[in-house]
Amino acid sequence: MKRLLHLIIIIAGINYAYDKWLKLSLDCENIFNTNQFLAGPQYNMFPQFNRSRTIMGTIAFTF
């Protein structure tokens, strides 16, 4: 019997709005930077590597 490793990928985000014209957001995906290979369906014969930590920020203005 094979032993399976359990992984947890945590995604967190913060959104902030000032009045009605300014919105800020900051998102972080894969906070602990865990790496894994994802197995696809049978027609996909190569493993897909999960990307490492990703940080994205957004500034939006409404006129």
Colleague: Nearest 0.5 angstrom please: Thr62 OG1 to Lys20 NZ, how far?
Modeller: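 One gets 10.5 Å once the value is rounded to the nearest 0.5 Å.
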Colleague: If I compare all heavy atoms of Ile55 with all of Cys28, which pair ends up nearest, and what's the gap?
Modeller: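 Looking at all heavy atoms of both residues, the shortest contact is CG1-SG, 3.9 Å.
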Colleague: Got more than 12 heavy atoms from elsewhere within 6.0 Å of CD1, Ile11?
Modeller: yes
Colleague: When Ile, Leu, Val, Met, Phe, Trp and Tyr are grouped by side-chain heavy atoms lying under 4.5 Å apart, directly or through other members, which residues fall in the same group as Ile59?
Modeller: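 Same cluster as Ile59: Tyr16, Tyr18, Trp21, Leu22, Leu24, Phe61, Phe63.
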Colleague: Which heavy atom in Gly57 sits nearest to a heavy atom in Leu26, and how many Å separate them?
Modeller: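 Result for this residue pair: CA-CD1, 4.2 Å.
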Colleague: Of the non-hydrogen atoms in Ala12 and Ile31, which two are nearest, and what is the gap between them?
Modeller: CB-CD1, 3.7 Å
